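All figures in this text were calculated on a predicted structure; none of them were measured in a lab.
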Amino acid sequence: MNIRSAFQTGQPIGTQDTFAADVIGGLTAQPKTLPPKYFYDLAGSALFERITELPEYYPTRCEIGILRDQAPAMAAMFPPGCALIEFGSGSSRKARILLGAGATVAAYIAVDISGDFLQQDLAQLERDLPHLKVHPLVADFTKPFAIPQKLATLPRVGFFPGSTIGNFEPAEAAAFLRHAGQVLGRGALFLVGVDLVKDQTVLHRAYNDCAGVTAQFNLNLLARINRELGADFDLAAFEHRAFFDAEQSRIEMHLVSTKPQQVHVNGATIAFRRDETIHTENSYKYTVDSFQTLACSAGWSPVEVFSDGLFAVHALRR
Ligand code: SAH
Ligand code: AVI
């Protein structure tokens with residue numbers, strides 16, 4: 001199968017009108033916010049990949065280590081001939097480890113909002129694993145999306161690595177887990193990668209790297225708004241700020257206006273005070289217990305936890 005011919009949109013992921021409405025809605029709110037899903041255009045996805053290589057950003061290395069050690073035990077839980085559905089697949093690097101671990105996986109469905117980036121690595125995956133049906137799906141994973149009919153009868157296993165679940169507020173995370181339960185079906189296995197609460201210095205460094213790549217990733221959101229909505233953000237007049245809020249157990253990421261200024265976005269004028277921020281992302285950190293409690297509240301039962309003490313991959317059953 002040619003994966004380009006299979007490349008589909010699972011549902012409308014939002015037009016430029018939706019993007020504009022979300023941006024204006026966020027920038028006219030108090031405090032100002034922007035939805036983190038808009039980080040991931042082609043440039044943003046490439047910057048995220050660079051983040052995963054940074055010495056300070058431990059989550060990717062930790063999760064890959066856990067997957068390399070434990071993939072055979074995880075794969076032993078897969079029903080034969082299943083479809084592996086990854087939510088927010090990015091480069092699909094972690095799915096490759098699971099797909100190579102011996103289970104008879106019939107199909108890999110890679111769901112991601114970053115359509116241009118999604119296409120890049122899957123052709124190679126299909127060449128490497130010719131028995132596997134590879135199906136990219138450009139969709140917002142928080143909304144219903146259509147599984148291709150020819151794969152619809154396969155038993156499903158869900159995969160949600162990267163601690164992307166940490167980018168939701170806890171109530172949104174529970175809603176997402178319920179929604180994923182509907183997508184995956186009764187009795188399904190779900191592997192969810194979750195970053196653990198840890199030493200605050202380690203957390204702080206992971207989001208304030210010396211090379212400034214996380215700052216570029218954060219600022220790319222404004223660059224994207226300039227590119228796609230014809231806005232006039234002066235990127236030199238905004239600074240990256242990230243800190244750990246222990247009470248809420250989350251890293252907060254902001255863009256700080258370094259001076260009083262006005263920005264024009266899609267016909268709206270947005271005023272910034274000096275030091276006023278746009279809250280661009282939360283990255284919640286969980287303990288094993290606090291995540292299991294959340295999963296149980298959303299209809300999932302914990303069956304196993306694979307952890308190196310810094311990061312945890314939870315196996316859940318619906
Ligand atoms: N799974 C990969 C990538 C994690 S980065 C890993 O573990 O390394 C988060 C990924 O989720 C990005 O590829 C981003 O494009 C995607 N994403 C973020 N919000 C999304 C949404 N609402 N719907 C679909 N994909 C989303
Ligand atoms: C994708 N997500 C889990 C990353 C995180 O750690 O919250 C995104 C990221 N933001 C800054 N660095 C990485």
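A heavy-atom distance below 4.5 Å is not found between the side chains of M253 and R241. Here the side chains of V288 and L196 are in contact, with some heavy-atom distance below 4.5 Å. For the pair N226/L235, a side-chain contact is recorded, criterion being any heavy-atom separation below 4.5 Å from C-beta on. Looking at F306 and M74, their side chains come closer than 4.5 Å, going by heavy atoms from C-beta outward. R68 is listed as a side-chain neighbour of I97, based on a closest heavy-atom distance under 4.5 Å. Counting heavy atoms from C-beta outward, T258 and D275 have side chains that stay 4.5 Å or more apart. Side-chain contact check for K32 versus L255: every heavy-atom pair is 4.5 Å or farther apart. Two residues are said to be in side-chain contact when any heavy atoms from C-beta on lie closer than 4.5 Å; F141 and T164 meet this criterion.
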Test D195 against Y284 for side-chain hydrogen bond (donor to acceptor under 3.5 Å, both in side chains), laying out the working first.
CA-CA 8 Å; D195 197 14; Y284 280 85; over 6 Å; no

Let's go through F117 and Y40 carefully: what are the C-alpha distance in whole Å and the side-chain angles of both, what is the deciding distance for ring-ring contact (aromatic ring centres under 6.0 Å, His included) to 0.1 Å, and is it a yes or a no?
CA-CA 9 Å; F117 189 76; Y40 302 97; 9.0 Å; no

Please evaluate residues S114 and D112 with respect to the criterion side-chain hydrogen bond (donor to acceptor under 3.5 Å, both in side chains), reporting the C-alpha separation (whole Å), side-chain torsions for both, the decisive distance (0.1 Å), and the verdict.
CA-CA 5 Å; S114 189; D112 206 289; 4.6 Å; no

Let me see the working for L203 and I251 under side chain to side chain contact (heavy atoms under 4.5 Å, CB included), right down to the final yes or no.
CA-CA 8 Å; L203 286 171; I251 291 279; 4.1 Å; yes

Pair R93, E53 - check salt bridge (Lys or Arg N to Asp or Glu O under 4.0 Å), show working.
CA-CA 13 Å; R93 210 167 132 196; E53 305 291 337; 3.7 Å; yes

Could you go through the side-chain hydrogen bond (donor to acceptor under 3.5 Å, both in side chains) check for E49 and S45 one step at a time?
CA-CA 6 Å; E49 285 308 304; S45 294; over 6 Å; no

Please walk me through it: do Q120 and L42 pass side chain to side chain contact (heavy atoms under 4.5 Å, CB included)?
CA-CA 10 Å; Q120 290 184 355; L42 188 58; 3.4 Å; yes

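Taking the six-membered ring for Trp and the full ring otherwise, the centers of F272 and F238 sit less than 6.0 Å from each other. Aromatic pair F291/H314: centroids less than 6.0 angstrom apart. Between F87 and F176, the gap from one ring centroid to the other is short of 6.0 Å. Aromatic pair F48/F39: centroids not less than 6.0 angstrom apart.
Ring geometry for F190 versus W300: interplanar angle of 30 to 60°, hence tilted. Between F19 and Y38, the ring planes lie tilted relative to each other; the angle falls in the 30° to 60° range.
L151 and L184 fall within the same hydrophobic cluster, defined by Ile, Leu, Val, Met, Phe, Trp and Tyr side-chain heavy atoms under 4.5 Å apart, directly or through other members.
For CZ of R96, the number of neighbouring non-hydrogen atoms (other residues, nucleotides, ligands) closer than 6.0 Å is greater than 12. More than 12 heavy atoms of other residues, nucleotides or ligands shown are found within 6.0 angstrom of CD on Q30. Counting heavy-atom neighbours within 6.0 Å of R317 CZ, excluding the residue itself, gives a total above 12.
Ion pairing of E169 with R250 is present here, as a side-chain N (NZ or NE/NH1/NH2) and a carboxylate O approach within less than 4.0 Å. Between R156 and E86 there is no salt bridge, since none of the side-chain N atoms of the basic residue sits less than 4.0 Å from a carboxylate O of the acidic one.
With 3.5 Å as the limit, one finds a donor-acceptor pair spanning the side chains of T287 and S290. At a cut-off of 3.5 Å, with distance as the only test, a side-chain donor of S283 or Y207 sits close to an acceptor on the other residue. There is a side-chain donor-acceptor pair under 3.5 Å between N220 and D41.
None of V192, L67, L99 except one satisfies the side-chain contact (heavy atoms from CB on, under 4.5 Å) rule with F159; the exception is L67.
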